[in-house]
Amino acid sequence: MTQLNPRQKQAVHYIDGPCLVLAGAGSGKTSVITRKIAYLIEECQIAARNIAALTFTNKAAREMKERATKLVKGSAAKGLTVSTFHNLGLNIIRREYRALGFKPGFSIFDSEDARALLKELMLKDGDLDTDLLDLTQHQISNWKNDQVVPGTALSKAESEGEQRMAIVYERYNQALRAYNAVDFDDLILVPVQLFAENADVLAHWQKKIRYLLVDEYQDTNNAQYLLVKQLIGDRGSLTVVGDDDQSIYAWRGARPENMSQLKVDFPSLEVIKLEQNYRSTQRILKTANHLIANNPHEFEKTLWSDKSIGEPIRIIQCSNEEAEAERVANEIVAQKLQRQAKFHDFAVLYRSNHQARLVELKLQHHQIPYAMSGGTSFFARTEIKDVMAYLRLVINPDDDNAFLRIINTPRRQIGTSTLEALGRYATEREISLFTACDELGLQSHIPEKPLERVKRFCHWILKISERSETDEAMPAIREMVDDIDYEAWLHQNASSSKVAERRMENVYYLLDSIGKMLNPEDPAREPSSLKDAISKLVLMDLLDRQEEEETLDQVQMLTLHASKGLEFPHVFIVGLEEEILPHRNSIEDENIEEERRLAYVGITRAQRSLTLLLANKRKQYGEVIETSESRFLAELPEGDVEREGFGQSTPENNQKKGQETLSNLMAMFDDDPN
DNA sequence: CCGACTTGATTTTTT
DNA sequence: ATCAAGTCGG
C-alpha cells in the first residue's frame, strides 16, 4: 500500500490539468484519491480546506477521509472536505439560503416524504394509481436531474400523460417551496441553478474549492456533472476516478457517458489507466475480462495481476433452487475446513433480494452465521420517521408534511374533518397548517373542542421550538419524546413488546446521535444548532451496530449491486440463469450490457476463488419452470472454468429441448409439501 | 380506530 | 406461494 505503481504515481502527481483515472476493479483507486489529497496538501501547498473530494455514499466519504487524514503529517488535513454530492449541496444551500429565498431550518424531504406529497397532490386530481405515482416521481426526478423546470416540461410534453405529470411537477415544486423544503434532487439542482444565475456566489465557491476530486465518476448524473463543471470553471483542477465497466446504476439516473463527455468538455484531459489488479487471481481476472469484452467500449482496458493463476472458476448446476442453496451451504462448510478459512471470508451474491431467502434458510439450517446487507434503512423506519417529523416541525413550522404525519400520532383526537377544515383554511390564506392553527378566523370553521386540541399541540411545539434555540436543545427534545409518551404508543402498535423495545432503542439512538452532533464540548463539530443537525441527519446513514458487523465472523450475503467496492476471498454467485442474471426486464428492455457489468462486478469481487451456481428448475410465482443457463456463462473462457452437474457436461446436452417434456413430467413427481 | 380481507406485486438503491 | 400494503366494514 505504501508503494504506488508507475500509473498510480502518474495519477497522483498529475496536477497540470483535468485528469480522468480509469480505475479497473481492485486497482487501488481509493489509494490514488487519498494519496493525491495528501500530495496536494504536502507537496503542492494547497490548504486542506481548499480541497474537496466527492463520493456517493457516506460510507465511502467516511473511509476516504479517514485514510487521507492518516496519510498527512500532523493535523494538516484539518478542514478537508470529503463528502457526498448531496452533503456538499446541502452545505451550499445552508450558506446561501438567503439568496435562495429559504428560511432557516428548511426541511429535506426524502423519497418517502416526496412520494407522500405527490400522492396528496395527485389525489386531488382524482387519479390515483401506484404505477402512475411511481412513474411521476421518477419523471420529476429525471427532469430535475436534467435541469428541466416545470414550465419547460409542460411546453415540451408530448402526450397528455406527460402534460399531467408536468403540471403535478409544478405543483410539487410549489408545495416544497411553501413548506420551506427541498428534496434530494434539489440538493444538487438548487446549487447548480444558483451558480448559473449568480456569478458572485459561484466565484466564492470556486475560490473555496481549489482542487476537486470525484470518486465513482461513472455514477454521476447530469446535475452532478454540471455542478462539478461549475466548480471547476476553466481551472482544470479536477481529478475524477471511475470505471465504465462498473456502471450499474444507469437505472437510477447515472450517466456513464459523463466519462467520455469529459474528453469533449476538457480537451486537455489526461487519461490514466490503472490496469494492475491487486485483488484477484489471474484466472478470475481473465474470466472477468473475457466476459466484459462482450460489451462495447469507449475506453479499452485489460486488467492484469501478478498474483498466481489460482483455482479454476467452478460452475455448478443444481437440479432446483433448493439444491442450489443447499449446495452453497455445504460448500461453505466444506471449504471452511479445507481452506482453514473464516466465515467472513465467504460471500454469497445474488441478483435480487428474494433469492437470498432460500440461501438464508439453508445457512440457518447448517448453523452458519451470516450477515445480510440491505433491509430497511434506519431512516425509513416508522419510529424514526415519526420522531424526525416532530424534529422537523420544531425547526421548520412550515413543514406541512411533518405536521400531517404527527398531528395525530400518537392519537390526539384530531380527525380527518378537522384537518380538512384546517387544510382548506390554510390553502385559502396561503399559510402553513401550523400557522393557520393560531389564526382567529379558524373559529368559524372548526368546532371548539377539536380546535382547542390543535391549538394545544401547536403551542406545545412552539415552546419546544423556542427552547431548542437555546443551549437546552437536547433536554427539550428529550422531554418532547417523553411528553408524547411515544414509548407507550410503540407498545400499543407493535406485535410484541420486544419489537416495541427495539423501536424505542432506535429512537434513543437517534436522540443520542443528535446529542453527539450538538456536543458543546467539541467546537470542531460542524453543526452547532439543532437546525443544522437535523438537516445533516437526514443525509446520514445511522447504521445500527455497524461496528459489530465488521468484526463478527459471518458469511456475507448481498446483492450484486451492494457488493460493489467490496472484496472477499471466496465468492459464490447464485442464479446464473436467463431471466435472473440477466434479469428478465433487462432482456425485454434490451439492456443486457448493464447486466453484464453487474456480473462483471460480482466476479471481480473474488480474491481467491469464484463459484457460480444455477438451477435447472425454479419455482416462480408458485409454479415450477424450466430455466436455461445465463448467456454470460458462454462468455467465460472455456479453459478456466470447471463445470459440474451438466449431464454429460457437453454444452449440446444442455440445449436439448426434447428433454423438456420429460423434465416437466418429472417435476410433477418432485413434489414439495403443498 | 382497529382488524380482517382483498389486492397486487415479485430488479437493482443512495442521498 | 408469499408477503406487504391498502381497503373496507364493524
Side-chain angles (χ1 to χ4, degrees), chain A residues 54-61 83-90 108-115 119 123 128-131 133-134 138 141 144-145 182-189 215-216 219-221 223-224 247-254 321 349-358 373-380 382 408-416 489 492-493 495 535-543 558-565 575 579-589 591 594-595 597-599 601-602 618-625 672-674:
Chain A
L54 298 180
T55 64
F56 280 88
T57 65
N58 288 302
K59 192 175 161 219
S83 80
T84 62
F85 271 95
H86 290 86
N87 232 317
L88 175 70
L90 172 61
I108 297 172
F109 276 31
D110 67 18
S111 328
E112 207 185 301
D113 300 321
R115 194 173 192 271
K119 191 172 175 179
L123 213 54
L128 177 73
D129 174 348
T130 50
D131 277 350
L133 182 59
D134 289 340
H138 199 202
S141 181
K144 288 196 173 186
N145 285 337
V182 292
D183 65 16
F184 279 152
D185 296 319
D186 286 340
L187 289 174
I188 313 293
L189 173 78
D215 187 27
E216 303 281 16
D219 288 342
T220 51
N221 65 30
Q224 287 158 340
S247 159
I248 53 174
Y249 287 114
W251 54 273
R252 66 174 198 215
E321 79 268 39
L349 311 183
Y350 36 85
R351 174 66 239 256
S352 30
N353 281 311
H354 72 263
Q355 289 174 268
R357 205 166 270 168
L358 257 183
S373 83
T376 25
S377 80
F378 189 76
F379 284 98
T382 328
N408 205 26
T409 304
R411 301 287 169 243
R412 287 188 187 89
Q413 296 173 65
I414 297 169
T416 31
W489 166 252
Q492 209 176 98
N493 285 74
S495 53
S535 52
K536 269 262 184 301
L537 208 56
V538 179
L539 295 179
M540 297 209 315
D541 58 344
L542 292 177
L543 301 170
L558 23 134
T559 63
L560 287 164
H561 282 92
S563 76
K564 196 170 86 165
E579 314 251 285
I580 292 184
L581 181 64
H583 191 270
R584 167 192 294 206
N585 299 356
S586 303
I587 297 173
E588 280 169 18
D589 303 345
N591 184 19
E594 183 148 315
E595 295 290 302
R597 289 193 289 266
L598 205 45
V601 166
R618 189 177 287 274
K619 235 182 277 168
Q620 234 166 38
Y621 315 131
E623 62 174 345
V624 176
I625 59 146
D672 280 56
N674 302 342

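Keep in mind the model is a prediction, meaning the values are calculated, not measured. Worth knowing before you read on, the calculation uses all heavy atoms, side chains too, and leaves out hydrogens, waters and symmetry mates.
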Whether A:N58 contacts B:dT15 is assessed here as follows: a side-chain N or O lying under 4.0 Å from the phosphate OP1 or OP2. Is that the case?
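Answer yes for this pair, as a side-chain N or O of A:N58 is under 4.0 Å from OP1 or OP2.
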Polar atom pairs (N or O), protein with nucleotides 8-10 of chain C, under 3.5 Å:
none

Rounded distance (Å) that lies between atom [atom2] of [N] and atom [atom1] of [X]:
{"X": "A:D219", "N": "B:dT14", "atom1": "CG", "atom2": "C1'", "result": "10 Å"}
{"X": "A:M540", "N": "B:dT14", "atom1": "CE", "atom2": "C1'", "result": "15 Å"}
{"X": "A:K59", "N": "B:dT15", "atom1": "NZ", "atom2": "C1'", "result": "16 Å"}
{"X": "A:R115", "N": "B:dT15", "atom1": "CZ", "atom2": "C1'", "result": "18 Å"}
{"X": "A:D134", "N": "C:dA4", "atom1": "CG", "atom2": "C1'", "result": "15 Å"}
{"X": "A:E216", "N": "B:dT15", "atom1": "CD", "atom2": "P", "result": "12 Å"}
{"X": "A:E112", "N": "C:dA4", "atom1": "CD", "atom2": "P", "result": "16 Å"}

Assign [X] to base, sugar-phosphate, or nothing according to its heavy-atom contacts below 4.0 angstrom with the strands shown.
{"X": "A:N591", "value": "nothing"}
{"X": "A:R357", "value": "sugar-phosphate"}
{"X": "A:R584", "value": "nothing"}

Is it the case that the side chain of [X] and the backbone of [Y] share a donor-acceptor pair, with hydrogens and angles ignored and the cut-off at 3.5 Å?
{"X": "A:N58", "Y": "A:L539", "result": "yes"}
{"X": "A:D110", "Y": "A:D113", "result": "yes"}
{"X": "A:R597", "Y": "A:S247", "result": "yes"}
{"X": "A:N408", "Y": "A:I414", "result": "yes"}

Has the side chain of A:S111 got a donor or acceptor atom sitting under 3.5 Å from an opposite partner on the base of B:dT15?
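Looking at the base of B:dT15, it does pair with a donor or acceptor on the side chain of A:S111 (distance under 3.5 Å).
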Count the heavy atoms belonging to other residues, nucleotides or ligands that lie under 6.0 Å from CD of A:E588, then report whether that count exceeds 12.
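Buried by this count: over 12 neighbours within 6.0 Å.
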Considering only atom P, compute the distance from C:dA5 to B:dT12 and round it to an integer number of Å.
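Each nucleotide's P atom is 15 Å from the other's.
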Whole-Å C1' distance, C:dT2 and B:dT13:
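Here C:dT2 and B:dT13 have their C1' atoms 23 Å from each other.
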By nearest heavy atom, map A:I414 and A:F184 onto DNA chain B; which one lands nearer the 5' end?
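Result of the comparison: A:I414.
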Side chains of A:E216 and A:T55, heavy atoms from C-beta outward: is any pair under 4.5 Å?
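No, every pair of side-chain atoms sits at 4.5 Å or beyond.
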Any N/O pairs under 3.5 Å between the protein and nucleotides 9-13 of chain B? List them or say none.
| from | atom 1 | to | atom 2 | distance (Å) |
| --- | --- | --- | --- | --- |
| B:dT11 | OP2 | A:H583 | NE2 | 3.3 |
| B:dT11 | O4' | A:H583 | NE2 | 3.2 |
| B:dT11 | O2 | A:R351 | NH1 | 2.7 |
| B:dT11 | O2 | A:R351 | NH2 | 2.2 |
| B:dT12 | OP1 | A:N353 | N | 2.7 |
| B:dT12 | OP1 | A:N353 | ND2 | 2.9 |
| B:dT12 | O4' | A:R351 | NH2 | 3.1 |
| B:dT12 | O2 | A:W251 | NE1 | 3.4 |
| B:dT12 | O2 | A:R351 | NH2 | 2.5 |
| B:dT12 | O2 | A:H561 | NE2 | 3.3 |
| B:dT13 | OP1 | A:T559 | OG1 | 2.6 |
| B:dT13 | O4' | A:R252 | NH1 | 3.0 |

Ion pair A:R618/A:E579, N-O distance below 4.0 Å
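A salt bridge is absent here (no side-chain N lies under 4.0 Å from a carboxylate O).
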Could you check which of C:dG6, B:dT15, B:dC2 has an atom nearest any side-chain atom of A:R411?
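Nucleotide nearest to A:R411's side chain: B:dC2.
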Tell me whether the rings of A:F184 and A:H86 are parallel (<30°), tilted (30 to 60°) or perpendicular (>60°).
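If you compare the ring of A:F184 with that of A:H86, the planes turn out perpendicular.
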For A:H561 and A:W251, take the angle between the two ring planes, folded into 0 to 90°, and tell me which bin it lands in: parallel under 30, tilted 30 to 60, perpendicular over 60.
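A:H561 and A:W251: perpendicular rings.
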Could you list the residues that satisfy ring-ring contact (aromatic ring centres under 6.0 Å, His included) with A:H583, not counting sequence neighbours?
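ring-ring contact (aromatic ring centres under 6.0 Å, His included) list for A:H583, sorted by chain: empty.
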